[in-house]
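If you're wondering where the values come from, they're calculated on a predicted model, not measured in any experiment. Proteins get letters first, then strands, A, B, ... in listed order; numbering begins at 1 in each. Worth knowing before you read on, the calculation uses all heavy atoms, side chains too, and leaves out hydrogens, waters and symmetry mates.
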Amino acid sequence: MIKRKIINNIVLALSTLSALIGLFFLFWILWTLVSKGLDAMSMKIFIYDTAPPGREESGLRNAIVGQLILVGVASAIGIPLGILAGTYLSEYGKNSKFANFIRDISDIMMSAPSIVIGAFVYAILVAPVGHFNGWAGAVALAIMMVPIVLRTTDDMLNLVPQQLREAAYALGAPKYKVIIQIVYRGAKVGVITGILLSIARIAGETAPLLFTSFNNNFFTTNLNEAMPSLTVTMFNFATSPYEDWINLGWAAAFILGVFVLSVNILGRLIIKKRKVK
Amino acid sequence: MLKKAALTAISLVMISGGAYADRISGAGASFPAPLYYDWAYDYHKATGNEVNYQSIGSGGGIKQVSARIVDFGASDKPLKPKKLDKKRLYQFPAVIGSIVVVYNLPEVKDMELKLENKDIADIFLGKIKYWDDKAIAEDNPGIKLPHKKITVIHRSDGSGTTFNFSYFLSHVSQDWANQVGVGKALDWPVGIGGKGNEGISNLLKQTPYSIGYVEYAYKRKNNFKAATIQTKSGKWVKPVEENFKAAAKYASWKPQNHFYQILVLQPGESSYPIVAGTFILLPREKTETNKKVVSFFDWAFKNGDESAKRLGYIPLPKETKDMIKDYWKEIGIEPK
């Protein structure tokens with residue numbers, strides 16, 4: 001009896017300790033990000049573009065806008081593809097060999113190193129075109145998004161009870177209507193959460209952008225040109241030896257952190273709201 | 001929210017069609033990067049034209065311009081005429097810089113430490129392991145050197161700075177020549193790697209008792225301490241601008257061989273031994289973009305000497321600039 005209690009207490013203490021260590025580092029990271037990032041934040045960051053070290057009029061405007069465009073275009077490409085593919089798997093492919101093959105492949109894709117995706121897109125969209133361009137960066141991010149959206153859509157649609165579908169069929173609804181009006185409606189929350197998670201996942205990626213959208217010291221909204229992004233700018237600035245660039249690197253990290261965090265929180269809120277109803 | 005973001009993105013893309021300014025992109029050497037950033041920033045203010053320079057190392061610069069991915073490449077390693085023919089590139093120098101041996105020794109002042117050229121090689125070979133090694137101590141009788149391990153910091157990327165530095169080491173140390181040799185990326189016997197001059201600077205700042213090599217502008221901007229080293233004939237020479245200039249005087253670039261010349265270990269009483277020109281590479285067939293690129297450098301040659309001096313580079317002498325302009329004319333890419 002006593003022995004069992006002792007073992008129980010030891011294990012309980014160990015697992016609590018592990019959880020605390022995890023939390024400790026999470027809050028440490030957040031604290032560093034907030035304290036250093038807030039120090040570096042100012043209106044100048046949103047007004048001026050990146051500038052050589054030591055200049056007064058120096059900010060991150062071009063990088064912030066570039067990041068939004070890249071993530072926006074990647075979402076516009078990746079989300080519909082992922083949802084359609086996920087729908088196919090759940091509603092048409094089901095447990096066929098082909099569908100399971102796609103599931104396996106997308107699981108592999110999900111864990112593929114992002115730098116490899118960058119290299120692949122460089123080979124198909126940068127080298128033949130002859131210059132670094134924003135499209136390549138957006139496509140690289142979209143490629144990372146597809147498997148995430150695909151798998152969550154597939155899983156979420158599967159959770160919708162078969163009886164619901166049957167009921168709709170019984171009323172004489174054709175298959176596409178059943179999918180759009182019954183299945184999608186039932187799985188909406190889960191699918192949206194998957195989408196938000198995939199956005200949060202790609203928003204922080206540097207490696208797929210390094211040699212696709214590359215970087216630009218100037219403001220641009222033209223996807224045919226090299227495009228600046230917060231992540232690449234952060235990487236360059238944070239590893240630079242210049243005080244003001246390092247500070248801007250922290251500011252970029254803070255902005256990214258806030259963005260990813262709020263996307264995640266938004267996802268949670270959507271789930272909660274649905275549950276209350 | 002997504003719809004809105006996508007719509008804004010699309011409308012932004014459409015608005016941007018109307019810009020008429022020149023937009024060119026270049027990539028390569030980190031050695032002149034602080035200066036190119038400055039030039040590009042002022043050039044944009046003066047003309048509205050955008051020159052997007054990215055510091056990715058000379059190796060990357062040569063690669064990307066050879067693959068025709070960027071409008072111009074930048075390298076501190078000049079390419080031989082044969083190689084230029086093979087890769088179909090033009091080449092001209094843009095500015096002269098100097099590589100200094102920097103150390104993070106809290107107890108020693110700037111330029112106070114004297115290092116014999118062959119001892120530098122031995123440090124980077126890992127043969128001299130401690131700061132108070134006899135070889136270093138006998139040249140620095142006035143300094144109390146700490147008994148600390150030396151951390152060597154070198155480049156991790158393909159680098160023209162490394163090329164010039166290893167060229168120097170190979171000529172002052174037989175051991176270096178035999179064991180490591182000359183190149184943009186080397187099989188380093190010891191040390192940790194940093195990406196770009198920026199990376200080395202960053203690591204050096206954070207690592208007490210380390211030693212590294214950077215372009216002089218990085219030393220200046222970061223208030224590093226640089227070692228006094230030796231001229232070709234073995235005289236002590238401080239890493240200061242007048243000694244860099246003394247060495248740069250010996251540059252005898254000629255357009256006939258696309259300005260190929262390495263400036264390391266020039267003769268002269270006060271010539272600092274590791275001085276290097278840094279070069280611009282242009283794809284031969286792209287006449288129109290080349291005109292835009294040389295317009296930028298033409299502007300920089302006229303208006304950029306002050307920035308160069310302020311940062312610690314040596315502007316090209318007027319004769320060289322004139323030669324480069326003739327070179328542009330001859331290959332049919334006169335600035336606009």
Side-chain angles (χ1 to χ4, degrees), chain A residues 49-55 57-58 62 65-66 68-77 79 122 126-135 138 192 195-196 199 210-211 214-228 232 235-243 245-246 263 266, chain B residues 1-17 19 21 23 25 27 33-42 44-45 49-56 60 64 67-71 194-205 214 218 221-222 224 283 286 307 311:
Chain A
D49 294 335
T50 49
R55 299 284 179 140
E57 300 179 351
S58 164
N62 54 339
V65 173
L68 286 175
I69 294 175
L70 286 173
V71 171
V73 174
S75 305
I77 302 170
I79 293 170
Y122 176 89
V126 176
V129 175
H131 51 88
F132 294 107
N133 60 83
W135 291 112
I192 289 175
I195 289 171
L196 288 176
I199 292 175
L210 274 177
F211 31 85
F214 204 47
N215 196 4
N216 199 330
N217 301 329
F218 296 95
F219 182 87
T220 179
T221 52
N222 185 352
L223 282 159
N224 293 322
E225 287 180 5
M227 220 177 216
V232 175
F235 172 65
N236 286 341
F237 279 20
T239 54
S240 83
Y242 318 113
E243 199 75 33
W245 274 21
I246 292 173
V263 169
L266 187 72
Chain B
M1 189 206 84
L2 275 175
K3 241 187 224 162
K4 226 182 198 173
L7 278 177
T8 345
I10 290 165
S11 57
L12 279 172
V13 172
M14 291 174 128
I15 296 167
S16 68
R23 292 180 161 190
S25 69
L35 179 60
Y36 292 171
Y37 291 151
D38 243 48
W39 280 352
Y41 190 76
D42 293 336
H44 179 234
K45 285 215 155 154
N49 295 332
E50 294 177 0
V51 179
N52 175 29
Y53 184 76
Q54 296 296 327
S55 159
I56 60 170
Q64 298 304 342
R68 306 313 198 236
I69 304 291
V70 289
D71 298 327
K195 185 178 161 290
N197 272 290
E198 301 90 343
I200 290 200
S201 304
N202 196 320
L203 282 173
L204 192 90
K205 260 189 190 173
V214 291
Y218 291 85
K221 277 220 150 147
N222 296 292
F224 286 148
K286 296 198 176 167
S307 308
L311 289 166

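When all heavy atoms are compared, the tightest approach of B:Asp38 to A:Pro52 is OD1-CB, 3.5 Å.
Taken to the nearest 0.5 Å, the CG atom of A:Asn215 stands 11.0 Å off from the CD1 atom of B:Ile56. B:Glu50 CD to A:Phe219 CZ: the interatomic distance, rounded to the nearest 0.5 Å, is 10.0 Å. Atom OH of residue A:Tyr242 and atom OH of residue B:Tyr218 lie 4.0 Å apart, to the nearest 0.5 angstrom. For the atom pair B:Asn202 CG and A:Thr239 OG1, the distance stands at 6.5 Å (nearest 0.5 Å).
Counting only heavy atoms from C-beta outward, the side chains of A:Thr220 and B:Arg23 approach each other to under 4.5 Å. Inter-residue side-chain proximity for B:Ser25 and A:Phe132 is flagged as unmet; no heavy-atom pair is nearer than 4.5 Å.
Within the 4.5 angstrom heavy-atom criterion, no atom of B:Ala33 approaches chain A. Interface remark: A:Ala74 contributes no atoms to any contact with chain B (heavy atom separation under 4.5 Å). At a 4.5 Å heavy-atom cutoff, the contact between A:Ala51 and chain B is made by backbone and side-chain atoms alike. Contacts between A:Phe237 and chain B at a heavy-atom distance below 4.5 Å are absent for every atom of the residue. Using a 4.5 Å cut-off between heavy atoms, A:Asn133 makes no contact with chain B at all.
Chain A forms more heavy-atom pairs under 4.5 Å with one residue of B:Leu203, B:Val51, B:Ile200 than with any other, namely B:Val51. For the set B:Arg68, B:Gln64, B:Lys195, B:Lys205, the count of heavy-atom pairs under 4.5 angstrom toward chain A peaks at B:Gln64. Each of A:Phe211, A:Tyr122, A:Trp245 has some count of heavy-atom pairs under 4.5 Å with chain B, and the biggest count is that of A:Tyr122.
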I would like to know whether A:Asn217 and B:Gln54 meet side chain to side chain donor-acceptor pair (under 3.5 Å); could you show each step before the answer?
CA-CA 8 Å; A:Asn217 301 329; B:Gln54 296 296 327; 3.1 Å; yes
